[in-house]
Amino acid sequence: MLIALSRPAVALLFTLYAALGLAQAGHAEDRLLLAECLVPVMAFLLCSVCVNDLSDQAIDRVNLPGDRSRPLVTAAAGSRDLVVMAVVSAAVALGAAFVLGPRPGLLILAALAVSAGYSLRPVRLADRGAVAALVLPACYVALPYLLALTATRTALQARDLLMLLGLYTGFIGRILLKDFRDVRGDTLFGKRTFLVRHGRRATCLFSACCWTVGSCVILAATPRPTLVLGCSYALCLAAALVILRALAGEVGHRREEALIAGAAAIGRGMLILQLAHLAMDQAGWGALARSTGVGALLVLVLAQTISVVRHGPATDLTIAALQTETTPSPDGHGRPKADRPAARA
């Protein structure tokens, strides 16, 4: 069940934000401390996934049929299993966070409350459009970043908060694109996401604005930035804006999926560029060496993005088996209905 519930892309983002928090605090090379920070962060992620899957089970059956990462949809696990997993994960997250200190513990406690409010009724922030797009990054970005910072510092500095603002704003622009995949089920069940309420053009425009502002703020908060780092961010931002412009038009499902995956690759790449710059700077690398390292990483990021946009994401193809289920008819008798095979790339 742990393997089925894992979200590798989300776990990678949590790891990057925690590593950026340590790097911002001057501990970019402290791998042991990073591991200690990731224990409560990953336990929190598992708890949030379980709670969200429990609350979105009906929507996931429409959006993600046959997806093995949704054990409730595939009947690989029952609701009771996920409830137990959520409770145990929350306890582990709280315990591991308080081991790091009272501030990380209180931070995890607040994040668990926000996560519950995001998925569960009567609050259910996930159904509230723009509010959901503003709240979700608080768990994805602020939690791992601030937990790593509070585990090493007694007080936050202005540059720390400015960096958080840039990371948070940029992530809002990226998380909005997630709704393209789920638009069918969201519309069917009345989930008023930003995309459902305002359409694809407005969503891509708002995403582009957040992406641009976030990139500029991150560069402003970066200590001793190099010209190559600034140019790298500009090229990545330009690539992201081109992708968003294409996504704003009417494209097929496969093309849409490839464009969103390309945008995700650009977003992760920009975080890696920032982390590499901070780590090399703290290791005492000269400006030329830092510029060379960042330039090499930029080539890899752009190459991966071009490949993903051209060929689509390389993931498992999961097909729901044909089966016959009985649905009640108005006269009380069962009527067979064949499920259509559904593919998810």
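This one's a predicted model, so the numbers in the text were calculated from it and none came from an experiment.
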Applying side chain to side chain contact (heavy atoms under 4.5 Å, CB included), can you list everything that pairs with S215, at least two apart in sequence or on another chain? W211, Y233, L237, M270
Using a strict cut-off of less than 4.0 Å between a Lys/Arg side-chain nitrogen and an Asp/Glu carboxylate oxygen, indicate whether E256 and R254 qualify as a salt bridge. no
Side-chain donor-acceptor contacts of residues 298-307 below 3.5 Å, not counting sequence neighbours, with atom names and distances?
{"unit_1": "T305", "atom_1": "OG1", "unit_2": "V301", "atom_2": "O", "d": "2.8"}

Does one hydrophobic cluster hold both V92 and L45, with members joined at side-chain heavy-atom distances below 4.5 Å? no
Looking only at non-hydrogen atoms, find the nearest pair between Y168 and A138 and report the distance. CE1-N, 3.9 Å
Hey, could you give me the CZ/CG distance between F14 and L147, rounded to the nearest 0.5 Å? 11.0 Å
Please give me the minimum heavy-atom distance between C210 and T169, naming the atom from each residue. CB-O, 3.3 Å
In Å, rounded to the nearest 0.5 Å, how long is the span from OG1 of T152 to CG of D30? 9.0 Å
Applying the ring pair (Phe, Tyr, Trp, His ring centres under 6.0 Å) test to Y140, which of F44, Y118, Y145, F171 qualifies? F171
What side-chain donor-acceptor pairs closer than 3.5 Å can you find for residues 156-165, not counting sequence neighbours?
{"unit_1": "R159", "atom_1": "NH1", "unit_2": "A221", "atom_2": "O", "d": "3.0"}
{"unit_1": "D160", "atom_1": "OD1", "unit_2": "R153", "atom_2": "NH1", "d": "2.8"}
{"unit_1": "D160", "atom_1": "OD2", "unit_2": "R153", "atom_2": "NH1", "d": "2.2"}
{"unit_1": "D160", "atom_1": "OD2", "unit_2": "Q157", "atom_2": "N", "d": "2.9"}

Can you measure from CG (L20) to OG1 (T15) and round to the nearest 0.5 angstrom? 11.0 Å
F98-I108 co-clustered via ILVMFWY side chain contacts under 4.5 Å: yes
Shared ILVMFWY cluster between M42 and V84, side chains joined below 4.5 angstrom? no
I'd like to know if L54 and V88 are part of one continuous hydrophobic network [Ile/Leu/Val/Met/Phe/Trp/Tyr, side-chain heavy atoms within less than 4.5 Å]. no
